[in-house]
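Here's the structure, in structure tokens; my notes come after.
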Amino acid sequence: MELNLSNVTKNFKGLTAVDRVSCTFGPGVYGLLGVNGAGKTTLMRMLCTLLRPSAGSIELDGQDIFSLGGAYRARLGYLPQDFGFYPDLTVRDYLLYISSIKGLRPATARQRSGELMELTGLQKAAGRKMKRLSGGMKRRVGITQALLNDPEILILDEPTAGLDPGERIRFRNLLSEIARDRLVLLSTHIVSDVEYIAGQILLMKDGRIAASGTVEGLTSRMPLGVWRCVVPHRQAEELLRRYKVANIRAAAEGTELRILAERAPVSGAEPEPPTLEDLFLYTFGGEGGKDHDKI
Amino acid sequence: MTRYEIKKLFSTAGSKLALLLLLAILLYTAFSMIHDMSCPGPEGDMLQGLEAAAFMRQVQQDYTGLMDEAMLRRAVEENARLNALYGDNAMWYKTAFAPVRDLMSWTFVPAYRDFDYSVIDRLSPGEAAGLYERRVALIRDYLQTGAGAALYSRSEAAYILRRMGALKAPAAVGYTKGWDTLIQGSGLMLILASPVLAYLVSGLFSQERALRADALFFSSRHGRKKAVAAKVKAGLLTVSGLYLLLELTWAVLVLSLLGTEGGGCSVQANLFSWRSGLYNLSFFEAWLLHLACGMIGVLFLALLTMLVSAAFDSTPLAAATAFLPMLLTVFISASSLSVLNRLLYWLPEGLFLLRDELSFEAGFLQLGSAVWPMLPVLMVFYGVLCLALPPCLYQLYRRKQPR
Ligand SMILES: Nc1ncnc2c1ncn2[C@@H]1O[C@H](COP(=O)(O)OP(=O)(O)OP(=O)(O)O)[C@@H](O)[C@H]1O
Ligand SMILES: [Mg+2]
């Protein structure tokens, strides 16, 4: 199975949300990283046949996904970014309904949703109305529905948004469990979500794939080094102005900084191995907001 | 799929409220129809409601069967006998032949719209026997030299007279309160219930977007085909199922309270159809016709609502559409513009008011010299729309672009 994107472009009235994206996906976990508005959702919606590209093509094993239509979507699982549901249906009925539009037979649907509810820890909530679930539970239902048809292609748009750290770790474990033999494409702006489970990372910026590769490959290619140093508070302010700083921590002896720079920014700075988070900072500079600092 | 679509429809608080409203409409109609019933009783007082019905049911057995010369003569003779016996108090004893007497009161009058309550007191049995001929003469005068000449074209007048001449005479009469109330009441009930039924499906399509569930819907395997068809099917099944449930509940309720007899009696021998009815129908046949017309009307209204729901992705707009024909009917009836009044004949509300539609006063469609009364025209017109709209709905929604 191979999903091939060539020069995929999407224009919205004068704005290019996705700009000539070409890449090939096989089985494995792909982390799509990018700041708000980078075009992640737009790209994913095209992969789900919800939007037609303005130019370029998306092919599954050489066949256009839009002409494959239902046959392609039968192999697809999708969790939209703003996952909508029917507030008055119970979790069980909701899953059975989604199973039915995914083309599962009723008996298979019951069995499959039972198994998945167990996997995602939803058994106790099966009879509860969707509107009475907590945010984390709703996300779990969202992930569960995406898995109902045992999809070969799983597209998850910010599956961890709004989850607490514990839930997030549970989700990561769940994902590594279900990722086998599938193509999983996962978007996020939280680096730690994908750092350990994604085989491949795609950094998306202004509608383009700015960089891609494994975590090691990407970080080793980073042209700047990473330095850790402890400096007096006064000096820290100056360094903050001059360099990209990945982390600041007040310590007893002064301020501890994690700095991206070609050479040691101050004497006594120790080199550190670069992480994906450093790369994120390098690629997106300050525009990433504060979200990537979390956890 | 369809099953869960229906489940979704009924899961909301709004639809539960609508179901309660349907029940309330049913009970209100039953109450007002039965409450309005009255007749003079034997003790010299007006009987009301169920009591009146039970009394009529009992005494009108004497005047059940074909309303032939013998029955007409008998009614006049009995009337004279009661007048002689009770004088001014005689009216309290005439309930048995009141239906027959009323037909005479509408017929032996100078002009089409007149009514003379006391005409039977002046008729000889021989004159009364000419009831059917007199009816045709009355209509002919009305259409050729009377006020009707200005209202109906030559072809229409010729058509009316031809149909009138073909009406079965003598007609079967008897106690028909049960069936009459069944048809009339369910018409009134449908005027109120049809928008509520259509309201139930107003969110069928638009809710997907409102709930932001459309992305999942359209990215599912059947999202662009079967799942859309299931939605259309769910809407039609919900509306037609509830409609039939409502009608059958009404029928059981009314016939068990007022009696099942009279289903074979002629509709044309009843006041509402006597002078202007065009059709040879028994009450039972008329009820079946009403069921069919009602189904067409209700489905049309529901389809229109679903179409707005799918086209504009707005549940409020779709819900407003459900009530539009009813409001139009009220608005146009209140206005005096003749152009608008012609439109009135075409509104789907006509399909619910079978008693009115049986009459030539419901209007005609004339093309060249060919003339059709509105009832079959409405049935064909809205029937064709009911067949054409579901595929349109399907094609419209399956091409939707989720937001
Ligand atoms: N339907 C649309 N019409 C017009 N512009 C759109 C539409 N959808 C997205 N955009 C624009 O395209 C750009 C990319 O949006 P997109 O939602 O793909 O970003 P994203 O990477 O998913 O961001 P986020 O992290 O906030 O979810 C944004 O500037 C957005 O405003
Ligand atoms: Mg997004």
Residues of residues 186-204 of chain B under 4.5 Å from chain A (heavy atom pairs)?
-> none
So which atom in [X] and which in [Y] form the shortest heavy-atom distance, rounded to 0.1 Å?
| X | Y | result |
| --- | --- | --- |
| A/Val8 | A/Pro53 | CG1-CB, 4.1 Å |
| B/Leu354 | B/Cys293 | CD1-SG, 4.4 Å |
| A/Leu163 | A/Gly136 | CD2-CA, 3.6 Å |
| B/Trp287 | B/Ile183 | N-CD1, 3.7 Å |
| B/Ala388 | B/Cys392 | O-SG, 3.3 Å |

Quick one: do A/Ile98 and A/Leu95 satisfy side chain to side chain contact (heavy atoms under 4.5 Å, CB included)? Show the steps, please.
-> CA-CA 5 Å; A/Ile98 299 292; A/Leu95 291 177; 5.6 Å; no
Please step through side chain to side chain contact (heavy atoms under 4.5 Å, CB included) for the pair A/Leu133 and A/Val141, ending with a clear verdict.
-> CA-CA 10 Å; A/Leu133 299 182; A/Val141 177; 3.7 Å; yes
Which region of A/Leu96, side chain (C-beta onward) or backbone (N, CA, C, O), has a non-hydrogen atom less than 4.5 Å from a non-hydrogen atom of chain B, or is it both or neither?
-> both
Which atoms of A/Leu76 come close to chain B, meaning under 4.5 Å heavy atom to heavy atom: side chain ones, backbone ones, both, or neither?
-> side chain
Could you go step by step and tell me if B/Tyr382 and B/Leu303 meet the side chain to side chain contact (heavy atoms under 4.5 Å, CB included) rule?
-> CA-CA 11 Å; B/Tyr382 287 106; B/Leu303 279 164; over 6 Å; no
What is the ring orientation for B/His35 with B/Phe31, classed by angle as parallel under 30°, tilted 30 to 60°, or perpendicular over 60°?
-> parallel
Does B/Leu182 offer a backbone N or O that forms a donor-acceptor pair with the side chain of B/Trp250 under 3.5 Å?
-> yes
Does any N or O in the side chain of B/Ser309 come within less than 3.5 Å of the main-chain N or O of B/Thr305, such that one atom is a donor and the other an acceptor?
-> no
Once you leave out hydrogens and angles, what donor-acceptor pairs under 3.5 Å do chain B and chain A share?
unit_1: B/Glu5; atom_1: OE2; unit_2: A/Tyr97; atom_2: OH; d: 2.5
unit_1: B/Lys7; atom_1: NZ; unit_2: A/Asp93; atom_2: OD1; d: 3.3
unit_1: B/Lys7; atom_1: NZ; unit_2: A/Asp93; atom_2: OD2; d: 3.3
unit_1: B/Lys8; atom_1: NZ; unit_2: A/Tyr86; atom_2: OH; d: 3.4
unit_1: B/Lys8; atom_1: NZ; unit_2: A/Tyr97; atom_2: OH; d: 2.9
unit_1: B/Glu208; atom_1: OE1; unit_2: A/Tyr86; atom_2: OH; d: 2.5
unit_1: B/Glu208; atom_1: OE2; unit_2: A/Tyr86; atom_2: OH; d: 3.2
unit_1: B/Arg212; atom_1: O; unit_2: A/Gly84; atom_2: N; d: 3.2
unit_1: B/Ser220; atom_1: O; unit_2: A/Arg73; atom_2: NE; d: 2.8
unit_1: B/Ser220; atom_1: OG; unit_2: A/Ile101; atom_2: O; d: 3.4
unit_1: B/Arg221; atom_1: O; unit_2: A/Arg73; atom_2: NH2; d: 3.4
unit_1: B/His222; atom_1: N; unit_2: A/Ile101; atom_2: O; d: 3.0
unit_1: B/Gln401; atom_1: NE2; unit_2: A/Leu50; atom_2: O; d: 2.7
unit_1: B/Pro402; atom_1: O; unit_2: A/Arg45; atom_2: NH2; d: 3.1
unit_1: B/Arg403; atom_1: O; unit_2: A/Arg45; atom_2: NH1; d: 3.1
unit_1: B/Arg403; atom_1: O; unit_2: A/Arg45; atom_2: NH2; d: 2.4

Residue among A/Pro106, A/Gly77, A/Ala74 with most heavy-atom pairs under 4.5 Å to chain B | A/Ala74
B/Ala215, B/Ala210, B/Gly223, B/Ala227: which one forms the most heavy-atom pairs within less than 4.5 Å of chain A?
-> B/Ala215
